[in-house]
Amino acid sequence: MIFEGAYKRNERLLLGALGLLIFAVFWESVVRLGYLNPITASSPSRIAQAFASQWHNGAILKNSRIFLFELTVGFTLAFIVGVTLGIAMGVNRLVEYAADPFVWLIYASPTIAFYPLLMIWIGFGSATVITVTFLLTFVSIVVNTMAGVHAAEPQMIRVLKVFGGKPIDIILKVIIPASLPLMLAGVRIGLSRAFLGVILGEMFSSNAGFGYDIAYYAGQLQTATVFVSIIILIVIGTIINLLFTAVEARLFAWKAR
Amino acid sequence: MHRSLLAHRLAPLIVGLLSVSLFLLIWEIAGSTETVRSELVSYPTQILSAFKRLILSGELAQNTLISLREFGEGFAAAIVIGIACGVAFALSRTIRYLFEPIFVALYTAPIIVFVPVLVVWFGIGTTSKSIAVFLSAFIPIAINTTTGIEEISESWVRALRAFGASRTQIIFKAMLPGAIPSIMAGIRLAIGRGIVVLIAGEMYVSMSGIGRLISIYSVAPDGVPEIFVLVAVVATFGYVCVLLFSLIESGLTPWRSHS
């Protein structure tokens, strides 16, 4: 009975772990039984070995540092510019109409295809990675912030004006709080796009980082080492998602759920 | 009143057009007079003639067809398997929980990280690109199918069951039609993801396709105008895809009013 209750409570977690286990055992045995080439197919045990050696030579820590640096800088710049431009576009019609076509153009165009151009303009390395991360990220924040500003109640703004509020008061006390939910939705989309931006940048225009290592070791047919980088990226991504969800819950604690 | 309505409708268009034409004009002047080095930034008329050149040489058509085929194969498989997975997840919680970590993992990492491995496994040809498109597209479709089915009203299913409908009938008469708007939202999301991974995959390593052309012209000494043309082609393709699927959606759901 006790076990049954514990199972019911953790069903999702237990079944998920079981699914992963089945997947890993299947993979390992298919390779061990010789149905797949162990070098190119790799296997869980080979990935574990590759993880140990990547950890000992410091590649994992170094790549994580590069990745987090590029992600943080690109994302922070995108956040500042995105929120500022989004509010400006939301408050002022003229700015909105003038900037709108460009924002949608960047939003809709495959930024990846601009990589070669950015490499020609900016060069090889972190600066290009950060620029693409910025470009990919800021548009989703702009679009959502603007929509959020539009969602602000005109009546509240009028009340503030009547009581002598300055434009800065209106922005800080009405517009930003009102646009927060949509703005955060934009930030969330932006985060996953920033993730993509950093990896694309490292794969195509850099000589360091997980993206570079993935391309490099695949070229050497060291599939197990490639999977080490992939798994760490998934772990980092999951941690960032969880953190974001926690922040969101904090910010909207006052909201009825 | 009438005038202000007209102004309200036209103002965004006029201001938008003005700002875009101003941008194009400055670009043209800066580029063609070499105020800014044109081999770096090109300029609009140069891009137009590059467009003409790419069409006349047949390069554009040939590579676009290959990219289209890769995208079509991967995306068609993603729709079929994605919807099937989504239905299975909605019907059985056990199946969903078993696969959840693998799905979350595939959804968290950009699929481009798998492309180098796919190339090792399936070669540098079109197969590895189709599979990459499939991987990046089928997850949002599956997730949205499950959510869509969960959101349809319980009374539909109960009504069908009361009149003796079989499980298959319930899936095809209530669950799938009810989930169409949500599935279509997933497809729209999948289009963007699929295009990025396709172009990036072709740029990574391939023998042909739009991404291959982009990487060829990015190392050519004066390939900048061609890159702009190719970027525009890819953007147009994405736009057409989204448009096409919204048309399909309105065709599939005639009971909803589309304004």
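Quick note on labels: first sequence line is chain A, next is B, and so on, each numbered from 1.
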Donor-acceptor pairs under 3.5 Å, side chain of residues 107-123 of chain B to any protein atom, not counting sequence neighbours: which ones?
residue	atom	partner	partner atom	Å
Thr108(B)	OG1	Val104(B)	O	2.6
Trp121(B)	NE1	Thr40(A)	O	2.7

**Report entry** Heavy-atom proximity to chain A below 4.5 Å, by part of Val41(B)
**Finding:** both
Report summary line: Okay, Leu94(A) and chain B: the region with an atom under 4.5 Å from a heavy atom over there is both
**Report entry** Toward chain A, the part of Phe237(B) with a non-hydrogen atom under 4.5 Å
**Finding:** neither
Query raised in the report: Looking at Val242(B), Val224(B), Thr236(B), which has the largest count of heavy-atom pairs under 4.5 Å with chain A?
Result: Val224(B)
**Report entry** More than 12 heavy atoms from other groups under 6.0 Å of CZ on Phe26(A)
**Finding:** no
Report summary line: Residues of residues 211-221 of chain A with a heavy atom under 4.5 Å from any heavy atom of chain B, in residue-number order, are Ile214(A), Ala215(A), Ala218(A), Leu221(A)
Report task. Mind listing the closest non-hydrogen atom pair of Met203(A) and Tyr204(B) along with its distance? Result -> CE-CD1, 4.0 Å
Query raised in the report: Should the heavy atoms of other residues, nucleotides or ligands under 6.0 Å from CZ of Phe51(B) be counted, would the total exceed 12?
Result: no
Query raised in the report: Would one find more than 12 heavy atoms of other residues, nucleotides or ligands at under 6.0 Å from atom OH of Tyr239(B)?
Result: no
Report summary line: Listed by number, the residues in residues 224-235 of chain A that come under 4.5 Å of chain B (heavy atom to heavy atom) are Val226(A), Phe227(A), Ile230(A), Leu233(A), Ile234(A)
Requested in this report: Examine whether an atom of Thr94(B) lies under 4.5 Å from a heavy atom of chain A, and if so say whether it belongs to the side chain, the backbone or both; otherwise answer neither.
Outcome: both
**Report entry** Among Ala200(B), Ser42(B), Ser218(B), residue most engaged with chain A (heavy-atom pairs, under 4.5 Å)
**Finding:** Ala200(B)
**Report entry** Aromatic plane relationship, Trp121(A) with Phe228(B) - under 30° parallel, 30 to 60° tilted, over 60° perpendicular
**Finding:** tilted
Could you go through residues 12-20 of chain B and list every donor-acceptor pair under 3.5 Å that involves a side-chain atom there, pairing it with any protein atom two or more places apart or in another chain?
residue	atom	partner	partner atom	Å
Ser19(B)	OG	Ala98(A)	O	2.8
Ser19(B)	OG	Gly16(B)	O	3.2

Query raised in the report: Picking from Phe195(A), Phe102(A), Phe210(A), which has the most non-hydrogen pairs under 4.5 angstrom with chain B?
Result: Phe102(A)
Query raised in the report: Non-hydrogen atoms of chain B under 4.5 Å away: do they reach the side chain of Ile199(A), the backbone, both or neither?
Result: side chain
Query raised in the report: Between Ile240(A), Thr223(A), Thr238(A), Leu117(A), which shows the greatest number of heavy-atom pairs under 4.5 Å with chain B?
Result: Leu117(A)
Report task. Just do the side chain to side chain contact (heavy atoms under 4.5 Å, CB included) check on Arg93(B) and Glu11(A) with the steps written out, would you? Result -> CA-CA 10 Å; Arg93(B) 195 145 21 117; Glu11(A) 190 185 24; 3.8 Å; yes
Requested in this report: May I ask you to name which of Ile227(B), Ile199(B), Leu230(B) has the most heavy-atom pairs under 4.5 Å with chain A?
Outcome: Ile227(B)
